[in-house]
Amino acid sequence: MYSQYLFTISMSKGVISKDEDYSQWFNDLVIKSDMAEYSPVRGCMIIKPYGYSIWEKIQAVLDGMFKETGHSNAYFPLLIPKSFFSKEASHVDGFAKECAVVTHYRLKNDGEGNIIVDEEAKLEEELIIRPTSETIIWNTYKGWIQSYRDLPILVNQWANVMRWEMRTRLFLRTSEFLWQEGHTAHATAEEAIAETEQMLNVYADFAENWMALPVVKGRKTANERFAGALDTYCIEALMQDGKALQAGTSHFLGQNFAKAFDVKFTTRDNKQDFVWATSWGVSTRLIGALIMAHSDDAGLVLPPKLAPIQVVIVPIYKHDEELDNIANYVAGLTKELKAKGISVKFDKRDTHRPGAKFAEYELKGVPLRVAIGSRDMQNGTVELARRDTKTKETVNQEGLAQQIESLLEEIQNNIYKKAFDFRAENMVEVDTWDEFKRMLDEQPGFISAHWDGTSETEQKIKEETKATIRCIPLNNKQEEGKCILTGKPSTQRVLFARAY
RNA sequence: CGGGAUGUAGCGUAGCCCGGUAUCGCGCCACAUUUGGGAUGUGGAGGCCGCAGGUUCGAAUCCUGCCAUCCCGACCA
């Protein structure tokens with residue numbers, strides 16, 4: 001006999017509605033939920049403990065997956081000699097415009113109380129703060145690889161990188177960001193391609209099963225490819241405002257970097273060949289994706305599998321004896337939940353009233369809330385509230401841990417389903433140019449359409465509509481069609497969207 | 001980096017046009033009463049008005065530069 005009813009959020013303190021101003025809503029959530037704040041340095045952010053704990057969860061799971069697929073972690077330097085960047089032409093073109101450069105190694109006092117750069121401490125060769133690590137890593141791999149017996153090399157690093165972005169957004173595009181970058185070396189192209197695809201699948205698995213984020217796996221067109229790659233695979237997700245977000249990439253680099261850094265090996269039949277390479281990465285941008293895909297006007301909605309706190313317990317009491325009584329019960333419940341690997345927070349602060357705590361944990365996206373008062377203690381019940389559906393019900397204390405465990409699973413699935421349904425509603429096939437433009441304006445989302453396969457057409461579409469080809473989906477069905485812009489023949493549909 | 005807007009206490013704001021050292025709400029601190037959806041009362045603290053120059057007897061207010069945020073472009077995980 002459970003009573004169930006909707007409860008409304010009377011006010012979402014300081015968070016603007018997402019329908020009113022999506023960008024502002026996103027920023028409000030990040031700040032108000034205590035995930036991050038701005039730093040004194042342009043484009044850089046301070047990731048606060050709550051936000052960082054989500055990143056730690058992401059790291060832990062992915063790191064396990066990388067190790068499961070045979071990779072090891074290593075660490076390469078933050079600073080890279082400038083000359084390394086000139087070795088791979090398309091790579092330098094891709095990153096040159098956004099590199100921070102270290103030119104001096106000392107400051108001094110100018111005698112008037114100011115600290116200034118000591119011009120005498122100028123570096124012979126400037127150092128680049130890594131925007132990505134291909135160059136330093138391939139320079140290093142040259143010393144590690146002589147024979148096919150040394151291959152493959154399967155290395156990942158967790159690091160920060162810096163790209164001097166013109167326009168920044170918390171978590172989505174900051175000048176400095178945290179990520180992982182895998183860099184592997186192989187004896188054959190086939191093996192490297194298999195690695196590229198394997199890691200794409202790891203990312204897709206993580207996005208769908210942990211972040212509850214449905215993604216489209218696909219390949220980038222030549223225009224959208226990573227600087228220096230022969231082929232870029234990606235996972236693309238749809239945000240609640242209908243814009244696409246690239247959530248992860250995996251690149252087949254061919255022999256480009258091996259040639260640039262002269263990394264040759266002796267094959268089984270005693271011939272010299274260049275090594276085949278891949279690189280793949282995801283960043284703290286995933287946290288941005290998590291927020292934009294699931295959250296609502298009351299705050300974050302975190303999938304239980306990545307929530308730093310999965311269950312929060314709020315006691316409701318008037319006197320200390322009541323609290324003692326409740327705390328006594330909570331101790332037992334907490335123990336049971338922890339035994340199931342569920343993270344629990346018992347918030348017995350007496351400086352905040354229950355309503356304030358409810359609002360706070362809604363803002364922070366805690367999936368399940370248990371409220372217990374004296375009335376419950378008498379009845380042998382608790383009040384259980386779900387963040388995802390904003391419903392609450394009164395349930396028996398008996399078997400509660402079990403129920404919480406299955407509810408968390410249900411919430412995880414429900415959040416995924418919600419995101420999946422949203423994407424299904426906002427992914428349409430379109431066959432005419434007018435329809436294409438109309439959909440972008442009236443119901444933004446993924447648009448599946450025919451394209452003649454040329455960079456010029458892709459470019460023209462981007463200029464006229466701001467929509468880009470997010471990817472050519474893997475396992476795309478082949479069908480005859482006409483390019484929406486030029487009317488030229490096409491063999492398959494590709495996925496367009498406006499993107500972050 | 002180009003165009004537009006904004007910046008006043010932790011947050012949201014009034015004052016700016018028409019110069020005379022700052023308004024209100026929330027939050028914060030103390031005490032009391034409270035505690036099943038963001039408590040109430042009383043008392044109190046908190047500001048070199050984004051930063052740096054300039055004009056002026058005097059600048060939150062006028063002028064210049066810079067920085068940051070948001071929106072629109074170019075760039076991008």
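So you know, we letter chains A, B, ... as the sequences are listed, proteins then strands, and number each from 1. Heavy-atom basis, side chains included; hydrogens, waters and symmetry copies ignored.
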Ring pair (Phe, Tyr, Trp, His ring centres under 6.0 Å): pairs with one or both residues in residues 283-312 of chain A, sequence neighbours excluded: none
Can you list every ring pair (Phe, Tyr, Trp, His ring centres under 6.0 Å) pair that touches residues 346-397 of chain A, not counting sequence neighbours? none
[X]: partners by side chain to side chain contact (heavy atoms under 4.5 Å, CB included), with sequence neighbours left out:
{"X": "A:T454", "value": "A:D452, A:E456, A:T457"}
{"X": "A:V92", "value": "A:F85, A:A96"}
{"X": "A:E236", "value": "A:K220, A:C234, A:A244, A:Q246, A:F446, A:R470, A:C471"}

Would you mind building the protein contact string for nucleotides 30-36 of chain B? One character per nucleotide, 5' to 3', B for base within reach (heavy atoms under 4.0 Å), S for sugar-phosphate only, - for untouched. ----BBB
Check ring pair (Phe, Tyr, Trp, His ring centres under 6.0 Å) between A:F95 and all other residues, then give those that pass, not counting sequence neighbours. A:H91, A:F226
With sequence neighbours left out, what residues match A:W164 under ring pair (Phe, Tyr, Trp, His ring centres under 6.0 Å)? none
Touch check for A:E165, heavy atoms < 4.0 angstrom, all strands: base, sugar-phosphate only, or nothing? base
How would you label the contact of A:L172 with the nucleic acid (heavy atoms, under 4.0 Å): base, sugar-phosphate, or nothing? base
Any donor-acceptor N or O pair under 3.5 Å, side chains A:E126, A:H104: no
Pairwise [atom1] distance for [N] and [M], with rounding to whole Å:
{"N": "B:G43", "M": "B:A68", "atom1": "P", "answer": "44 Å"}
{"N": "B:A60", "M": "B:A52", "atom1": "C1'", "answer": "16 Å"}
{"N": "B:U21", "M": "B:A9", "atom1": "C1'", "answer": "15 Å"}
{"N": "B:U8", "M": "B:U42", "atom1": "P", "answer": "29 Å"}

At less than 3.5 Å, do the side-chain atoms of A:E362 and the base atoms of B:G37 form a donor-acceptor pair? yes
Using a 3.5 Å cut-off on both pairing distances, which stems of three or more Watson-Crick or G-U pairs include RNA chain B? B:1-7 with B:67-73, B:10-12 with B:24-26, B:28-33 with B:39-44, B:50-54 with B:62-66
Compare side-chain N and O positions of A:T168 against OP1 and OP2 of B:U69 and report whether any pair is under 4.0 Å apart. yes
Over how many whole Å does the gap from A:M162 atom CE to B:C75 atom C1' extend? 16 Å
